[in-house]
Structures are given as C-alpha cells and as structure tokens.
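The structure appears below as structure tokens.
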Amino acid sequence: MKIFDTLSRKYKTIKNPQANIYSCGPTIYDYIHIGNARPILLTDTLIKFLEFKKVKVNFLQNITDIDDKIISKSLETNTPEIELTNFFKKAYLKNLKELKVRMPNQIVCISDEIKLMQSFIDNLIINQSAYETKSGIYFNINKFKSEYGKLSNIKVDDLISKTAEDFFEDKNLKADFSLWKTTNVGLNWDFHKQKGRPGWHTECVTLIDNYFNHETIDIHIGGIDLQFPHHENERIQFLAKNNKELSYIWMHNGHLTVDNVKMSKSLNNTTHLKDFIQTYGVNVLRWLFQTTHYKQPINITDDLLKQGVKFEDKINNCIKKLKQWLIINEAKVEEQVDEHILNKFDKYMNDDLNTPQVLMLINFLISNINKEDNFKIKILQFNTLKIILQVLGFSFEFNLNVDDQIKMLYLKQKEHILNKEFVEADQIRAILIKEGLL
Ligand SMILES: Nc1ncnc2c1ncn2[C@@H]1O[C@H](COP(=O)(O)OP(=O)(O)OP(=O)(O)O)[C@@H](O)[C@H]1O
Ligand SMILES: [Zn+2]
C-alpha cells in the first residue's frame, strides 16, 4: 500500500506482513472534540484496511496525563490532577468504544512510565545530545543542526528567530526544547536532585523507543498541527539516541475546521465527540471524514451533516428493501462477492487511502443493488458493499436473515394493504419498523 510520507515528501510503500504503528493520543484535561476524532478514525481506517490485507498490526497509543494544560485546569477548577485525568481518561476510553475503533494493542499513560523517560533522558545526556541547567534538561540542537527541521521543512537558523519555546536564560540555544522541566508545581518526580516532570515530546518518543524495541516503526500518525514542534522533536530525540529514523512513514491529517478555522479548545469552537455521537451517530462522523482525503482540511457545515445523514438513510433503506425483496422472492442469501469491485476498492485504498473515491464506489453499488433484479448479482453486490462498509468501520444491520415469524407478518401486512385493511396493516407496520424491515 502506498502512503504519503511527510518527511521525504514522497509516497512510500508498506510491504511487510507486519506494521508497527504509533498515534499521538489526547491530553486528558477535557472531553475530546470531533477534530480530535479525525486522527483516531484515520488510524482506525488505516489499521482496518491493513488487517483486511492480512497485515499484522501492532498499534501503540499514549495518553498524555502529565502536561501544563492539565496542571492549569487542575488549579483553575481546584481538582487534583489525578482526579481530573482519571475522569477524562474514562471518558476517552468510552469514546473509543462508542467509535467502535480497533483498539490499540497497548494504551499507555505517561505517568506510569516516568522512570523510562528519565532513563531515556540520561541516555541523551551521556551522548551529549542533551544538557542540564537550573530550569531543566534541554535537547542540544547544535549537535543536530543538519537534521533538525527536516520533518517540518524548517531551518534551524530561521527557527531561532521564530521559536515559541519559552526562553530561559540558561539554554544554549533559544530553539533547544525541554526534555525535563524543573518545577514543583503539579505532579512532579525527583530527578538529578531536582523536582520536575518530563516534556511532552520526550513522553511520546520514550514510549515508541521502549515499546517497539528501539527500532524504526512503520507509521507514525497525528494531526498536522503536531508536525512542528512535537513530531520534529520526537524524531530528533530518537535519532540522537538510536542513530535511526523514528518512523518509516509520517502520516499527518488535515484539520477539521468551523468557518474555515481549526476546531480547537482554545478557540472555543468545538463540538464534543460525545454530543456529536448523541445527535448524529458514529456513521455520520466516519462518512464526514471519508468525504475528503485525510490530508486535506474539512470544513464542517450543517449542509454537509445533512448529506451524512442522507448517506446513512440511503444504506439503511437499501438493506431494508433487500430484506423485503428476499422475503417476497423466497430467496436465500449467498456468500459470493464481486471480485472486480473489491479490486477497485483495494486499488483506491492502496492509493494513500483514497476514501472519496471509495464513497463513489459505495454509491454506485447502492444504486445497482436497488435496481438489480437478478438475484445472484443483487446479493453479490450487497456482499461486496458489506465488506467495504465494514473495512471503513461503518456499523449497519448487515444480517439479511429474517425470522420466519417476521417474514409471515410482512407478507400479511402486504395482504392487508392489498385488501385496504389499513388499521390492521398499521398495527403490523409498527412491529416491522421495530424489527428493521420497514
Ligand atoms: N481541528 C482538528 N482537526 C483535526 N485534528 C485535530 C484537530 N484538533 C486537534 N487535532 C488532533 O487531535 C490529536 C489530539 O491532540 P491534542 O490532545 O493535542 O489536541 P489539542 O491540541 O489539545 O486540541 P486543541 O487544539 O483543541 O487544544 C492530535 O493528533 C491533533 O493534531
Ligand atoms: Zn506524540
């Protein structure tokens, strides 16, 4: 499969029978919003497709439960950090369940691996890629001037004038980022005779380094806003410690926007995922993300959401009609699939997850199924549609088998309608709606 790699700015191919994948998880100081769900569902679609292709996936995700934003929220709301992060961790895991994602093989909270981070940092100090000052421990960018900035196409000299990293007098270079912050505010640990906590970039890279045995992973995923400084800083630390690339492919998703502005907590323009799911359901969200190539931004509008609801209705109606058709024609469901269409699906997905093209294929299949009279072709196409929808993570009532009693009721209801016995027909109608046949 071909995927665009942000580092080389080229398409790269995933060929191995096994893939190690890391996706930056959320910082848990609030409910996640639907923008945050974009990298989650991108990772899910990618993994479901790779597994469909029989690739064995090992997927690791972190949960950032040590962070400045968490400390601020804890102070603001007068809630202990641990209470706060426990609450939002539970909410996050519930979100993953509701999204019906392929769960990570491991989910690791940063606070459970502080020792690992300390030993990772010690490694960098020993090989002079990091240095200690009063305010903390910093990465020594001077040592990697030719490598640093490659992922985000930034030159170190430009960075020094632009960087937003806090400027501490005791850093060698303004752009040197912190691996460990000396502080006694918020949760902290003893390290090098000072109290402090790890920096965010070190949190992620340490997990990757440890859980994937210091080897280059296959795919690293995250939103485009993380490309710099977060991913740049992850990459350079891994390179400094292991003298290898962190990831073979860096995959970045575009933003979900509102009025063409990034959906973001700090801008107060978010819709919490839990609220979206309650109003629209997960299928509409998956559809929304698949309408556009994952690298492109998506601007969310009421009109777009209406189209998503229509898409879901269209599939539900197709399934209902097919069930009715099977009853009337006393036909049995068969297993065959349309290999030609599946090959097309494969081709589009192999092409850097071209989901917009796959959605067109789905629409084509639905209209074919609806108008097809030939029993074999109709079922063949439905089976193919079902596989495609499942790989894309959609949930529908795919089982076409109908209980004998419900079949009889359906036939009876048709008879009542024919005889103009509308009261009786309506009574049965309510049952049939409940059973998903009407
Ligand atoms: N509007 C968005 N569209 C797509 N992806 C997003 C959006 N906002 C955040 N992400 C992604 O969600 C993931 C989790 O990020 P993180 O927890 O750092 O979010 P965040 O930066 O706190 O969100 P916010 O920007 O709202 O403060 C990251 O991969 C990030 O790139
Ligand atoms: Zn990360």
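What you see below is based on every heavy atom in this structure, not just the backbone, and it leaves out hydrogens, waters and symmetry mates. Position 1 is the first residue of the sequence; numbering continues from there. One-based numbering, in listed order, for ligands and for the atoms of each.
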With heavy atoms only and a cut-off of under 4.0 Å, state how N253 meets ligand 1: side chain, backbone, both or neither. side chain

Determine, stepwise, if the pair R235 / K150 fulfils side chain to side chain contact (heavy atoms under 4.5 Å, CB included). CA-CA 10 Å; R235 171 183 177 258; K150 276 192 179 167; 3.8 Å; yes

Counting from 1, what ligand 1 atoms have a heavy atom of P26 closer than 4.0 Å? 17 (O)

With a 4.5 Å limit on heavy-atom distance, are the side chains of K265 and Y29 in contact? yes

Answer yes or no for G254: is there a heavy-atom contact with ligand 1 below 4.0 Å? yes

If you take the nearest heavy atom of each of I300, D225, I40, I298, which one is closest to atom 31 (O) of ligand 1? D225

Distance from F289 atom CZ to L392 atom CG, nearest 0.5 Å? 14.0 Å

Among N184, D190, T182, which one satisfies side-chain hydrogen bond (donor to acceptor under 3.5 Å, both in side chains) with K195? D190

Atom 19 (O) of ligand 1: nearest protein contact (heavy atom, Å): N36 ND2, 3.3 Å

side-chain hydrogen bond (donor to acceptor under 3.5 Å, both in side chains) evaluation trace for D176 with N140: CA-CA 6 Å; D176 288 351; N140 179 15; over 6 Å; no

Got the closest protein heavy atom to atom 17 (O) of ligand 1, with its distance? T27 N, 3.2 Å

Location of contacts on L256 toward ligand 1, heavy atoms closer than 4.0 Å: both

If we check side chain to side chain contact (heavy atoms under 4.5 Å, CB included) with M1, which of these qualifies: T13, V55, L353, D352? L353

So which heavy atom in the protein is nearest atom 1 (N) of ligand 1, and how far is it from that ligand atom? M263 O, 2.8 Å

Contact (N/O only, under 3.5 Å) between S266 and ligand 1: no

Is there a nitrogen or oxygen of G223 sitting under 3.5 Å from a nitrogen or oxygen of ligand 1? yes

W180 versus F191: any side-chain heavy-atom pair under 4.5 Å? yes

Quick one, I221 with I249, criterion side chain to side chain contact (heavy atoms under 4.5 Å, CB included). Give me CA distance, side-chain angles, the key distance, then yes/no. CA-CA 9 Å; I221 306 176; I249 292 174; over 6 Å; no

Minimum-distance protein heavy atom relative to atom 25 (O) of ligand 1: K262 NZ, 2.7 Å

If hydrogens are left out, which of H230, K265, H252, K69 has an atom nearest to atom 21 (O) of ligand 1, that is, the closest non-hydrogen atom? K69

Salt-bridged, K48 to E51, with N to O below 4.0 Å? no

T270 N/O to ligand 1 N/O under 3.5 Å: no

The Zn ion (ligand 2): protein N, O or S atoms [distance under 2.8 Å]: C24 SG, C204 SG, H230 NE2, E234 OE2

Hey, what do you get for OH (Y138) to CG (L179), rounding to the nearest 0.5 Å? 9.5 Å

Would you tell me which option among S264, G35, G25 has the nearest heavy-atom contact to atom 2 (C) of ligand 1? G35

Give yes if a backbone or side-chain nitrogen or oxygen of H255 is under 3.5 Å from a nitrogen or oxygen of ligand 1, and no if not. no

Under 4.0 Å, heavy atoms only, figure out whether ligand 1 is touched by the backbone of P39, its side chain, both or neither. side chain

Taking a cutoff of less than 4.0 Å between a non-hydrogen atom of the residue and any ligand atom, is Y29 in contact with ligand 1? yes

